[in-house]
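Structure, as structure tokens:
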Number of protein chains: 2
Amino acid sequence: MKPQRSNSRSNSRNRALVEAAADLFASQGFKATSMRDIARAVDMLPGSIYYHFDSKDDLLLAIYEAGVAQITQTFEEAVESLDDPWARLEAGMAALIRAVTEESSFTRVIFKVTPDEVPKYSGELIAFRDQFEAKFEELLEGLSLQPWVNRQLLRLMLLGAGNHAQLWFSPDGDYSADEISEQFCRFVKESATR
Amino acid sequence: MKPQRSNSRSNSRNRALVEAAADLFASQGFKATSMRDIARAVDMLPGSIYYHFDSKDDLLLAIYEAGVAQITQTFEEAVESLDDPWARLEAGMAALIRAVTEESSFTRVIFKVTPDEVPKYSGELIAFRDQFEAKFEELLEGLSLQPWVNRQLLRLMLLGAGNHAQLWFSPDGDYSADEISEQFCRFVKESATR
DNA sequence: CTATTAAACAAACACTTGTTTGGTAAGTCA
DNA sequence: TGACTTACCAAACAAGTGTTTGTTTAATAG
């Protein structure tokens, strides 16, 4: 383990590093981003990164952790004020779509970089992902659905549809995250409350 | 351009090459697979691959082309004998899920390796993808749906949900491709025919 | 039997990768 | 003042990357 201690104001550089790395990982992918790319982005020499982080993998781990914390918070904020289970689902789904597309690069990294790209930490990364998906699962529990509905498959369907948005969504495209979420959720809602 | 000509029986080695590459690309990804990995898999020296293909990128292009041809065929075979639009959708969706998970590595590569990983051919790769997605779109046109339904978003939802299956599906898991397809399509069907 | 071609080998090339090492200027603290 | 620490630079390291080159073997065609 390296610094990560909060003393001094050094964490400003540390933070800049993580942010630059997150930007690059989110847009180019993990493998396609080199330590030299990251160093250049923060105006630093490649070797100097190793004062702050032990390895490229550790850098990703830190980003994943921050990303999950952020998406979890965004998600809960979007949902907490609502009571109706369907409204909660819709708001949560919209938060997911925003996280995958518009939101900070931290959250985007989580859905862009798959755990199997980093064998050393694949277990930890999967755990971080699960942490968020559990929140999503809670949402579904609140819904009253027809007996034919398999909640597990429903979760995977919505998660997959949301996740996939990162490949086609455009901020200035035809639809907003809210509109997309509303459409996706409506199929579930209409078929459950018939 | 290199051989690709069908003379001699040399295309047995050529074919072995493409198959080995497809296997590796499908399981490890494009960037994570080196020409040396591929060479080793077919018991050949790295340089020798360049007798058959001009570059690693060209190798992927060939795989994409073969993969799209295969998934298109599988898809049409699954659908052609059916008349009912809903049955056709369900069969098509099941074919997609099988292509993403169980089927040959050629089809899996298409969904595992994204076009932006190969800038040189990203246009061509996107065109190949679109070629298949157009088939899927045709299926949706046959459905009679409620006025609130946006067909474009519906397509993206189903495509995303199917695509995502590659991350969690297991051949000896709880569900078959058919069961998954049936569940996904049912949400659409129930909400459209209420 | 010879000329040509297909298919591969052996070895390198130029470059990029993540990472390590030794040193150093600036600041902190006793 | 002197010891210690923080944050970095400069330079290299070993390994791996896609690819090229010159050469060789085996088959085929005239």
Side-chain angles (χ1 to χ4, degrees), chain A residues 1-22 24-25 28-64 109 113 116-122 125, chain B residues 1-22 24-25 28-63 113 116-122 125:
Chain A
M1 285 288 165
K2 271 291 173 61
Q4 216 136 336
R5 284 166 285 138
S6 55
N7 66 4
S8 83
R9 59 109 253 291
S10 92
N11 46 14
S12 97
R13 293 293 278 157
N14 198 306
R15 192 172 200 74
L17 244 177
V18 182
E19 272 170 13
L24 290 165
F25 289 165
Q28 312 181 5
F30 181 71
K31 285 242 159 70
T33 302
S34 71
M35 294 300 267
R36 283 162 180 82
D37 290 337
I38 301 169
R40 198 177 311 117
V42 294
D43 220 44
M44 195 185 255
L45 293 194
S48 306
I49 300 178
Y50 290 82
Y51 173 77
H52 302 276
F53 291 91
D54 283 335
S55 72
K56 190 186 179 187
D57 291 355
D58 285 80
L59 203 36
L60 178 68
L61 192 65
I63 293 170
Y64 241 75
V109 168
V113 182
D116 65 288
E117 289 186 64
V118 187
K120 183 182 176 187
Y121 288 136
S122 68
L125 300 188
Chain B
M1 282 292 161
K2 272 293 175 57
Q4 216 137 337
R5 284 168 282 139
S6 55
N7 64 7
S8 84
R9 58 110 255 288
S10 91
N11 46 13
S12 95
R13 292 294 280 158
N14 197 306
R15 193 175 200 71
L17 244 177
V18 182
E19 273 170 13
L24 290 165
F25 289 164
Q28 312 181 6
F30 181 70
K31 285 242 158 70
T33 302
S34 72
M35 293 301 265
R36 285 163 179 82
D37 290 337
I38 300 169
R40 197 177 310 116
V42 295
D43 220 44
M44 192 186 259
L45 292 194
S48 306
I49 299 178
Y50 290 83
Y51 172 77
H52 301 276
F53 291 90
D54 283 336
S55 71
K56 189 187 179 187
D57 291 355
D58 285 79
L59 202 38
L60 179 68
L61 191 65
I63 293 171
V113 182
D116 66 287
E117 288 186 64
V118 186
K120 184 182 175 187
Y121 287 135
S122 68
L125 300 188

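All heavy atoms count here, side chains included; hydrogens, waters and symmetry mates do not. Below, chains carry the letters A, B, ... as their sequence lines are ordered, and counting in each starts from 1.
When the C1' atom of C:dA8 is taken as reference, atom CG of B:Asp43 falls 12 Å away, rounded to whole Å. At whole-Å resolution of the value, CZ in A:Phe53 and P in D:dC8 are 12 Å apart. D:dT19 atom C1' lies 13 Å from atom CG of B:Asp58, rounded to whole Å. Note: CG (B:Asp37) to P (D:dG16) measures 11 Å, nearest angstrom. In this entry the distance linking CZ of B:Arg13 with P of C:dA6 reads 17 Å, nearest Å. When rounded to the nearest whole Å, the span between OH of B:Tyr51 and P of D:dT24 equals 18 Å. Taking atom CG of B:Leu59 as the reference point, atom C1' of D:dG18 lies 12 Å away to the nearest angstrom. Whole-Å rounding puts the B:Phe25 CZ to D:dG18 C1' distance at 12 Å.
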Hey, what are the protein-to-nucleotides 18-24 of chain C N/O distances that come in under 3.5 Å?
{"residue": "C:dG18", "atom": "OP1", "partner": "A:Thr33", "partner atom": "O", "Å": "3.4"}
{"residue": "C:dG18", "atom": "OP1", "partner": "A:Lys56", "partner atom": "NZ", "Å": "2.8"}
{"residue": "C:dG18", "atom": "OP2", "partner": "A:Met35", "partner atom": "N", "Å": "3.0"}
{"residue": "C:dG18", "atom": "N7", "partner": "A:Arg36", "partner atom": "NH1", "Å": "2.9"}
{"residue": "C:dG18", "atom": "O6", "partner": "A:Arg36", "partner atom": "NH2", "Å": "2.8"}
{"residue": "C:dT19", "atom": "OP2", "partner": "A:Tyr50", "partner atom": "OH", "Å": "2.7"}
{"residue": "C:dT19", "atom": "OP2", "partner": "A:Lys56", "partner atom": "N", "Å": "2.8"}
{"residue": "C:dT19", "atom": "O5'", "partner": "A:Tyr50", "partner atom": "OH", "Å": "3.2"}

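Residues in residues 38-49 of chain A take part in these side-chain hydrogen bond (donor to acceptor under 3.5 Å, both in side chains) pairs, two or more places apart or across chains: A:Asp37-A:Arg40.
Between C:dA8, C:dA6, D:dT6, one nucleotide has an atom nearer to the side chain of B:Met44 than all others, and that is C:dA8.
Scored by the side-chain contact (heavy atoms from CB on, under 4.5 Å) test, B:Glu117 finds B:Phe30, B:Lys31, B:Val113, B:Thr114 as partners (sequence neighbours excluded). Remark: A:Ser122 engages A:Pro115 in a side-chain contact (heavy atoms from CB on, under 4.5 Å) (not counting sequence neighbours). Here B:Thr33 pairs with nothing under the side-chain hydrogen bond (donor to acceptor under 3.5 Å, both in side chains) rule; sequence neighbours left out.
Counting heavy atoms from C-beta outward, B:Tyr121 and B:Leu60 have side chains that stay 4.5 Å or more apart.
Remark: A:His52 is not in phosphate contact with D:dT6, judged by side-chain N or O atoms under 4.0 Å from OP1 or OP2.
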For the pair A:Leu59 and A:Ile38, evaluate side chain to side chain contact (heavy atoms under 4.5 Å, CB included) and give the outcome as yes or no after the intermediate values. CA-CA 11 Å; A:Leu59 203 36; A:Ile38 301 169; 4.0 Å; yes
